[in-house]
Amino acid sequence: MPSATSQARGAASRAADNTWLERLIRAGFICYGVLHLLFAYLIAQIAFGVGGADGDQSGAMHKLAGKPYGTALIVVLVVGLVALAVWQLLEIVTVRSHLERLASAGRAAFYLYLGWNGVKVLRGKKTSSADTQQDATEGLLGSDLGRFTVGLAGVVVAAIGVGLAYAGLTRRFERHLKISRMNAATRRVIGRLGTAGYTAKGIAYGIAGVLFVVAAVRYDPDKARGLDAALQELAEQSYGTWLLLLTAAGFTAYGLFAVGEARYRKV
């Protein structure tokens, strides 16, 4: 008689094989790619001093909300992100590697986090995720345990950044793609987009993680604003404008790569 674990794995596998869920997941990749393209546009605006919104995904959604049909587009983005989160939750049950389960759990949490940011924008909340992170850090820095927690969070974020950059430079992301269905030109383009995109994201998250550690050491919650703080750090460098434009190009590459995943990702 099959165990409860086997039954759960079988049920999750059947759910993951649902045609409509697969279509939603692939649409979710397009939404994820569009969100990165919006973020890249926001970074370019910051580079030219046009800003007006925090430099993170919630800032990009706030920008989008002010455009014609922006609300409808955010609804679509939220639905797509939730579909990706559901897929990753099913992966936790179906995959056998503990490391892959941990990675799927992290992805699911991140997709839900982005989706929740979209819901807050739809509800008219003006507070960005950068402000929320800063406020939370300010409360934690009042105790030694809180400082340790902030520092540990920074180490984790920095490690994620290193992992993303490694995946980009070694093209490990290709393991999740249906390479056999691509012609040579498509594989070359998707490979280059993935390398540039993953590396750019890795560097950005790496800087954000280091700044969280700095916030813990220096009692400075202004540094604990995630990607927004990372972009501000780049902007303050000698060639800040060019560094931001290079970052924007990297996130554009990742956005286009994610759109490509909608067709070629193994689901």
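All figures in this text were calculated on a predicted structure; none of them were measured in a lab.
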Pairs under 3.5 angstrom only: tabulate donor-acceptor contacts from the side chains of residues 258-267 to other protein residues two or more places apart or in another chain.
unit_1 : atom_1 : unit_2 : atom_2 : d
Glu261 : OE2    : Arg265 : NH1    : 2.9
Lys266 : NZ     : Arg175 : O      : 3.1

Under 3.5 Å, which donor-acceptor pairs do the side chains of residues 66-74 form with other protein atoms, sequence neighbours left out?
none

Expected list for residues 207-218: side-chain donor-acceptor pairs under 3.5 angstrom, two or more places apart:
none

Contacts table for residues 239-256: side-chain donor-acceptor under 3.5 angstrom, sequence neighbours left out:
unit_1 : atom_1 : unit_2 : atom_2 : d
Thr247 : OG1    : Leu243 : O      : 2.8
Thr252 : OG1    : Ala248 : O      : 2.8

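Counting only distance, with no hydrogens or angles, the side chain of Thr195 and the backbone of Gly168 share a donor-acceptor pair below 3.5 Å. Using a distance-only test at 3.5 Å, with no hydrogens or angles considered, a donor-acceptor pair links the side chain of Gln133 to the main chain of Gly226.
Listed by first and then second residue, the salt bridge (Lys or Arg N to Asp or Glu O under 4.0 Å) pairs that reach into residues 242-251 come to none, sequence neighbours excluded. Residue pairs meeting the salt bridge (Lys or Arg N to Asp or Glu O under 4.0 Å) criterion with at least one partner in residues 180-201, sequence neighbours excluded, are Glu174-Arg187.
Within the 4.5 Å cutoff, the side chain of Phe257 has no heavy atoms near those of the Phe29 side chain. Phe148 is not listed as a side-chain neighbour of Leu140, based on a closest heavy-atom distance of 4.5 Å or more. Side-chain atoms of Leu90 and Leu21, non-hydrogen and from C-beta on, do get closer than 4.5 Å to each other. In this structure, the side chains of Leu177 and Phe173 come closer than 4.5 Å at one or more pairs of heavy atoms. In this structure, Leu81 and Leu112 have side chains that are not in contact, with every pair of non-hydrogen atoms separated by 4.5 Å or more.
Annotation: side-chain contact (heavy atoms from CB on, under 4.5 Å) contacts of Leu141 (sequence neighbours excluded): Thr137, Arg147, Val150, Pro221. Residues satisfying the salt bridge (Lys or Arg N to Asp or Glu O under 4.0 Å) criterion with Glu233, sequence neighbours excluded, are Lys223. Listed by chain and residue number, nothing satisfies the ring pair (Phe, Tyr, Trp, His ring centres under 6.0 Å) test with Tyr205 (two or more places apart in sequence, or in another chain). A search for side-chain hydrogen bond (donor to acceptor under 3.5 Å, both in side chains) contacts involving Asp220 returns nothing, not counting sequence neighbours. Residues forming a side-chain hydrogen bond (donor to acceptor under 3.5 Å, both in side chains) with Asp144 (at least two apart in sequence, or on another chain): none.
Ring pair Tyr111/Tyr32: centre-to-centre distance below 6.0 Å.
Note that CZ of Phe110 and CD1 of Ile160 are 8.5 Å apart. Values are rounded to the nearest 0.5 Å.
Counted by atom type alone, Asn183 and Thr186 present one or more donor-acceptor pairs between their side chains at under 3.5 Å. Side-chain atoms of Asp222 and Gln134 form a donor-acceptor pair, as typed in the model, at a separation below 3.5 Å.
In the hydrophobic clustering, where aliphatic and aromatic side chains (Ile, Leu, Val, Met, Phe, Trp, Tyr) are joined below 4.5 Å either directly or transitively, Tyr41 stands alone.
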